[in-house]
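What follows is a single structure, written as structure tokens, with notes after it.
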Amino acid sequence: MSRKVVRASKFRHVFGQGVKADQCYDDIRISQMTWDSNFCSVNPKFVAMIVDASGGGAFLVLPLNKTGRIDMSQPTVCGHTGPVLDIEFCPHNDNIIASGSEDCSVMIWEIPEGGLVTPLKDPVVKLEGHSKRVGILSWHPTAHNVLMSAGCDNVVILWNVACGEAMVRIDSVHPDLIYSACWNRDGSQILTSCKDKTIRVLDPRKGTVIAEKEKTHEGSRPVKAVFVSDGKILSTGFSRMSERQVALWDPKSFGEPLTLQELDTSSGVLLPFFDPDTGIVYLCGKGDSSIRYFEVTDEAPYVHYLSMYSSKESQKGMGYMPKRGLEVNKCEIARFYKLHERKCEPVVMTVPRKSDLFQEDLYPDTMGPEPSVEANEWFEGKEGQPILISLKDGFATTTKTKEFKVHKTRIETEPLGSRGKEKRKKG
């Protein structure tokens with residue numbers, strides 16, 4: 001009988017740990033909405049969480065170091081007239097955040113340095129084009145000021161945020177509700193999953209389908225899908241017997257999955273977070289009290305279970321810190337911001353190492369905050385590869401935050417400039 005050989009991996013012992021109580025954000029009324037988005041977005045400066053609000057929609061934006069009990073009178077971003085369903089920080093400017101709401105609009109906000117001192121009601125830009133609530137937002141990874149939104153009207157819109165215009169409207173591809181929408185690493189393709197149990201790879205500028213796979217998961221509950229390395233696709237969904245599944249697909253030959261694994265029979269939708277630097281995918285179930293993580297490799301069975309972080313309390317949502325916000329001297333390879341009923345708890349994932357020197361094998365050059373192409377160039381067909389940075393000395397914001405400019409040429413009839421400046425002052 002042959003002995004089973006244990007697969008070698010430097011991530012076999014990735015270890016998750018919640019932070020001490022005084023490093024959590026306490027006394028926050030997290031939104032009660034039943035919507036399968038993250039409800040939280042985070043970057044090296046701020047953490048943002050969707051909260052319960054009377055008479056509209058609001059979210060809280062706190063500087064990362066403002067931990068402990070949060071005062072009830074803490075100002076919020078509260079310009080929406082309906083509940084906020086999704087928020088996402090811009091990858092190229094840590095002070096810019098987008099929000100999508102039940103009021104059918106998308107708003108772009110500029111958060112002042114140091115956080116909010118008064119409630120923020122006026123967005124820098126309001127994007128209107130959806131006829132039903134907007135539940136999914138995703139910034140382009142390499143093009144400056146390009147935002148994708150998906151609404152319950154089964155429409156995906158690509159916006160040029162700098163001029164507040166819808167540049168591409170994909171409205172004839174999805175026959176039903178869109179469950180997830182994301183970009184690949186350089187933003188040359190979009191991946192969507194839909195209630196018709198089909199995942200589709202789209203050309204974002206033409207709005208055409210490059211590849212699609214029907215019945216990725218047999219169950220009727222939501223499917224989520226993300227691009228992983230080498231253009232492959234990882235999806236989470238449910239079997240006909242309501243067991244949760246994770247599958248890996250190659251869109252070049254979409255017939256059968258490369259692997260399909262059944263996990264358990266919980267009912268929460270699994271939110272996948274993929275780290276291209278380490279090849280690890282983290283699955284966070286809504287309503288679960290655990291985070292499972294797997295390594296995605298080129299060898300069968302392709303998706304290798306590593307371990308699970310478990311805690312007592314269930315999660316209502318999850319924020320995922322970009323690599324440049326991690327503490328490299330502590331061998332931290334991921335940090336999640338876990339939303340409880342009344343608080344937000346950072347959960348740190350580390351690889352135990354004896355040396356406190358910089359571990360080059362854990363931190364290859366990673367995506368930096370500089371965009372590689374402007375919005376109008378990208379819409380005209382120019383591709384932009386990610387601009388990578390080294391984390392060797394820890395990442396400090398060396399790039400000067402670009403001032404966020406809005407050019408409303410076709411929307412306003414007033415002369416260009418006066419209105420834009422006035423809007424920026426307001427924001």
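Throughout, residue positions are numbered sequentially from 1 according to the sequence presented.
- Of the charged side-chain nitrogens involved, at least one lies within less than 4.0 Å of a carboxylate oxygen, so that Asp288 and Arg244 count as a salt-bridged pair.
- Taking the six-membered ring where the residue is Trp, His144 and His92 present perpendicular rings, their angle passing 60° and hence far from 30°.
- Rounding to the nearest 0.5 angstrom, the gap separating the OG atom in Ser242 from the CG atom in Asp264 is 11.5 Å.
- Using a 4.5 Å heavy-atom cutoff, the side chains of Val201 and Val209 are not in contact.
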| field | side-chain contact (heavy atoms from CB on, under 4.5 Å) assessment of Asp52 paired with Ile30 | value | CA-CA 6 Å; Asp52 262 346; Ile30 301 300; over 6 Å; no
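- Formation of a donor-acceptor pair under 3.5 Å by the Ser101 side chain with backbone atoms of Gly82 is found in this model.
- Heavy-atom minimum distance, Gly384 versus Thr142: O-OG1, 3.0 Å.
- The CG atom of Leu127 lies 9.5 Å from the CE atom of Met107; values are rounded to the nearest 0.5 Å.
- With a 4.5 Å cut-off on side-chain heavy atoms, Phe59 and Ser31 do not count as touching.
- The shortest non-hydrogen separation linking Asp94 to Asn43 is O-ND2, 3.0 Å.
- Considering only heavy atoms from C-beta on, Ile28 stays 4.5 Å or farther from Lys343 through its side chain.
- With respect to the salt-bridge test (charged N to carboxylate O, under 4.0 angstrom), the residues Glu313 and Arg342 do not qualify.
- No side-chain heavy atom of Leu263 sits under 4.5 Å from any side-chain heavy atom of Gln245.
- Separation of atoms CE (Met49) and SG (Cys40) is listed at 6.0 Å; rounding is to 0.5 Å.
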| task | Could you give me the CA-CA distance, side-chain angles and deciding distance for Ser193 and Ser180, then say whether side chain to side chain donor-acceptor pair (under 3.5 Å) is met? | result | CA-CA 5 Å; Ser193 63; Ser180 70; 2.7 Å; yes
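- Environment of CZ in Arg185: crowded, with over 12 heavy atoms of neighbouring residues, nucleotides or ligands closer than 6.0 Å.
- In this structure, the separation between CG on Asn154 and CG on Asp171 is 10.0 Å, given to the nearest 0.5 Å.
- For residues 169-189, the pairs satisfying ring pair (Phe, Tyr, Trp, His ring centres under 6.0 Å) are His140-Trp183, Trp183-Trp378, with sequence neighbours left out.
- Sorted by first and then second residue, the ring pair (Phe, Tyr, Trp, His ring centres under 6.0 Å) pairs with a member in residues 201-234 form an empty list; sequence neighbours excluded.
- Val303 is listed as a side-chain neighbour of Gln261, based on a closest heavy-atom distance under 4.5 Å.
- Side-chain atoms of Thr236 and Leu283, non-hydrogen and from C-beta on, do get closer than 4.5 Å to each other.
- Nearest approach of Pro386 to Asp186, heavy atoms of both residues: CD-CB, 4.2 Å.
- Closest of all the heavy-atom pairs between Asn160 and Phe379 is CB-CE1, 3.9 Å.
- Judged as a salt bridge (Lys or Arg N to Asp or Glu O under 4.0 Å), and not counting sequence neighbours, the contacts of Asp361 are Arg353.
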| task | Please test Gln17 against Thr350 for side-chain contact (heavy atoms from CB on, under 4.5 Å), starting from the C-alpha separation and ending with a verdict. | result | CA-CA 8 Å; Gln17 192 173 25; Thr350 46; over 6 Å; no
| request: Applying side-chain contact (heavy atoms from CB on, under 4.5 Å), run through Val348 and Val19 and close with a yes or a no. | output: CA-CA 7 Å; Val348 174; Val19 300; 4.1 Å; yes
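- Atoms OG and CG, from Ser229 and Asp298 in turn, are 7.0 Å apart once rounded to the nearest 0.5 Å.
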| task | Show the numbers, then the answer: is there a salt bridge (Lys or Arg N to Asp or Glu O under 4.0 Å) between Lys382 and Glu380? | result | CA-CA 6 Å; Lys382 186 177 175 184; Glu380 283 162 12; over 6 Å; no
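- Between the side chains of Gln189 and Asp203, no donor-acceptor pair is found at a separation under 3.5 Å.
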| Evaluation steps, side-chain contact (heavy atoms from CB on, under 4.5 Å), between Met33 and Leu85 | CA-CA 8 Å; Met33 290 296 294; Leu85 298 177; 3.7 Å; yes
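- Applying the salt bridge (charged side-chain N to carboxylate O under 4.0 Å, His left out) rule to pairs touching residues 63-87 yields Asp27-Arg69, sequence neighbours excluded.
- In this structure, Glu256 places its CD atom where only 12 or fewer heavy-atom neighbours from other residues, nucleotides or ligands lie under 6.0 Å away.
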| request: Could you give me the CA-CA distance, side-chain angles and deciding distance for Lys10 and Glu295, then say whether salt bridge (Lys or Arg N to Asp or Glu O under 4.0 Å) is met? | output: CA-CA 10 Å; Lys10 58 189 170 216; Glu295 191 172 357; over 6 Å; no
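- The side chain to side chain contact (heavy atoms under 4.5 Å, CB included) check on Thr278 picks up Phe11, Asp275, Ile280, Lys323, with sequence neighbours excluded.
- Contact between Ser310 and Ser290 at its shortest, heavy atoms only, is OG-CB, 3.9 Å.
- Between Phe89 and Phe46, the angle of the ring planes stays under 30°, which puts this pair in the parallel group of the 30/60° scheme.
- The two residues Ser37 and Gly135 have their closest heavy-atom pair at CB-O, 4.2 Å.
- For Thr216, the side chain to side chain contact (heavy atoms under 4.5 Å, CB included) criterion is met by Ile199, Lys213, Val223, Trp249, not counting sequence neighbours.
- Of the residues listed (Tyr293, Tyr309, Phe273), the one engaging Phe336 in a ring-ring contact (aromatic ring centres under 6.0 Å, His included) is Phe273, and it is the only one.
- In the displayed structure, Lys197 atom NZ is contacted under 6.0 Å by more than 12 heavy atoms of other residues, nucleotides or ligands.
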| said: Run the side chain to side chain donor-acceptor pair (under 3.5 Å) test on Ser105 and His130 for me, step by step, so that the C-alpha distance in whole Å, both residues' side-chain angles and the decisive distance to 0.1 Å come before the verdict. | reply: CA-CA 7 Å; Ser105 72; His130 286 285; over 6 Å; no
| request: Given side chain to side chain donor-acceptor pair (under 3.5 Å), test His340 with Glu345 step by step and report yes or no. | output: CA-CA 8 Å; His340 300 244; Glu345 175 195 22; 3.0 Å; yes
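- Residue Lys232 holds its NZ atom at 12.5 Å from OG1 of Thr259, rounded to the nearest 0.5 Å.
- Residues Trp35 and Ile50 are not in side-chain contact: their nearest non-hydrogen atoms beyond the backbone lie 4.5 Å or more apart.
- At a threshold of 4.5 Å between non-hydrogen side-chain atoms, the residues Gln32 and Glu341 count as touching.
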